[in-house]
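What follows is a short report on a single structure.
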Amino acid sequence: MAHYRLETSWHPVEGSFGRLTFTLFNLSAEPLSGFSLAYTSETRVADEHVCNGGDLKRRLAHFHEFLPHDGLSVPPGGHWRFTVEGLTREPKHATAGVKSAYLTFGDGRHVAVAFGDLMLEGRDDGVAPPLLPPGRVEEPYSLLPWPLSLGLKAGNLPNVLYPAAKTQPDAIKALCLVVELYQRLYPANNVPFSLSTVKGGRAIRFVTESSIAAFAYELRFTAHEIVLSSADAAGRQYGLISLAQLLHGARAEPEIFKFPNFGAIADQPRYDWRGCHLDVSRQFYPVADVTRLIDILAWNKLNIFHWHLTDDEAWRLEIKAYPALAEIGARRGPDEVLVPQLGDGAEPRFGHYTQDDVRRIVAHAASLHVEVVPEIDIPGHSTATLLSLPQLVDGQEAPDSYRSVQGYPNNALNPAVEFTYEFLGKVFDEMVTLFPSEYLHIGGDEVARGSWLASPLCKALMERENLAGTAELQSYFLKRIKVMLSERGRKLAGWNEVSHGGGVDRDGTLLMAWEKPAVGIELAQEGYDVVMTPGQAYYLDMAQAEAWAEPGAAWAGYAPPEHTYAYEAEGELPEAVQEKMRGIQACIWTENFVSRAYFNRLVFPRLAAVAEAAWTRLERKDWNRFAAIVRMWPVL
Ligand code: ACM
């Protein structure tokens, strides 16, 4: 048991974002004095605030440190209480409070403090509704995403499927890849495939059929064999995954789900960009977690893993030219260059991917027809980079001259510092050896208003290039980045703000519309290729209901699984520009993701809902069928 515990509540106040009350309980046997209390919370204290019972000593983004008034001594069993009014936004959920806390004593020791949910005072909480109905199926087949067309008759359940005689080695290997995938996802279940002929099983005959579309497959069922036809390896793999899914459901819930012994499935994806993003900056995910998430993507027939490798809170990719990025920029703690954020407590936390890790992850994904699109988030969201490599800073720029929405001061790479381009050139050189993807994602989001305007180097650049302000400086920077990527044979992907201030060359640029659906229309009309990832439907860190008790972030509202499932991004786009829409993507921003249980609670089943929306046409979507099947689907 911890010696100290912090309880926090929030009380609404007319005309402000309300008042926080902190109560620190001393559960130790000694009086508590001569200390500060640090905690991390997305409910940030504003510059303008009133604190009763203590003083704010320091704050950086989500990190806060408070001091009691001089001479305070908390006896054993006693408590210290202070209140703060003056917040940067109103908390909406119980998870908007403290994410980590510790005490620092005069001798430099840091001691962990336990903490609970943010309690709501002075207002009734709504009741969190059930998020997933029991579900109902009309066709008794467990396929998710649901195929383009299907006409089947249910029959006996084969005990396993095996390759027909004379199956080619490449098809045998494809079958092995899928059975291994299945065994990783469901290690306690019976295997769906065997290389040996098994009595009571059924043969799969593989046919290469060039008339079938890329990524598509057909399955024809009879009582004695299954014919799997495809033009390419991806289609073949999707067909094998469908077979594994059919067996999985028929075994798990035999009253509801069956295996076909007559009829056919003809299937192909709706979009060619069926993505899932993961933010590994705010929270670090070890290689095994990343490869498991990729397994889950493959099972759901998602084909893009957008890997958000850097942000203000950490730089996670080994760059051999700049070891400081991982040594300094991937480490947060009370005595580190990067202060604790987002769940970090008294102990430092760190983690980065070595280039060997990256190669393993990319190869793992490729074997499952998942492409890894890496993101280096520039020019904004770069606190970890700037603190690791101070040569990137214009030394004459006034400190704290602008702040990001997350509260980071001066957090953007400077477009007028020539070293910025030398640095990024070397980073891109190493990235292109690691990532074979068509696109490199360079972020481009949330450059704060007023960025760089207090930098003398930027002022000179603005004069020289006739640039009017932050947005035009950003466009100048991104145009140079675009050229650097082109020189390395890569296309540019970014967030929707890349278009600001004149944007970049449309040719070979793909932008992700996240702020709201309307920006997707604007981008498409401006000539950009677009992936729709609106926060209001596809940001899986948003809470799933309005109720206070429901965990999650709230700035984009809340997204029940049914809304995520039913949302039709394409419906937002006028027909004339629909061809610019490449697909859709789920985003997993991890500020709040302090445990695996939390990850699973927020990400599932919504990730599978995005997967079905990405693969299956509107008229084939069915929320009740989805609900019946998704409960048998894997989580992290
Ligand atoms: C974003 O959510 N800042 C892309």
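We count residues from 1, following the sequence as given. Both ligands and their constituent atoms are indexed starting at 1 by order of listing. Just so it is clear, the structure is predicted and the values come from calculations on it, not from any experiment.
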Phe284, CZ atom: more than 12 neighbouring heavy atoms under 6.0 Å | yes
In ligand 1, which numbered atoms sit nearer than 4.0 Å to a non-hydrogen atom of Trp589?
-> 1 (C), 2 (O), 4 (C)
Of all protein heavy atoms, the one nearest atom 3 (N) of ligand 1 is Asp445 OD2, 2.7 Å
State plainly whether the residues Lys479 and Asp505 are in salt-bridge range, i.e. N to O under 4.0 Å.
-> no
Numbered atoms of ligand 1 (with element) below 4.0 Å of Glu446, judged on heavy atoms = 3 (N)
Distance from atom 2 (O) of ligand 1 to nearest protein heavy atom, with residue and atom = Tyr539 OH, 2.7 Å
Would you call Glu318-Arg359 a salt bridge at under 4.0 Å N-O?
-> no
Any side-chain heavy atom of Ile319 within less than 4.5 Å of one from Lys426?
-> no
Quick one: does NZ or CZ of Arg490 land under 6.0 Å from the six-membered ring centre of Phe428, within 45 degrees of the ring axis?
-> no
Would you say Trp495 has any N or O atom under 3.5 Å from an N or O of ligand 1, going by distance alone?
-> no
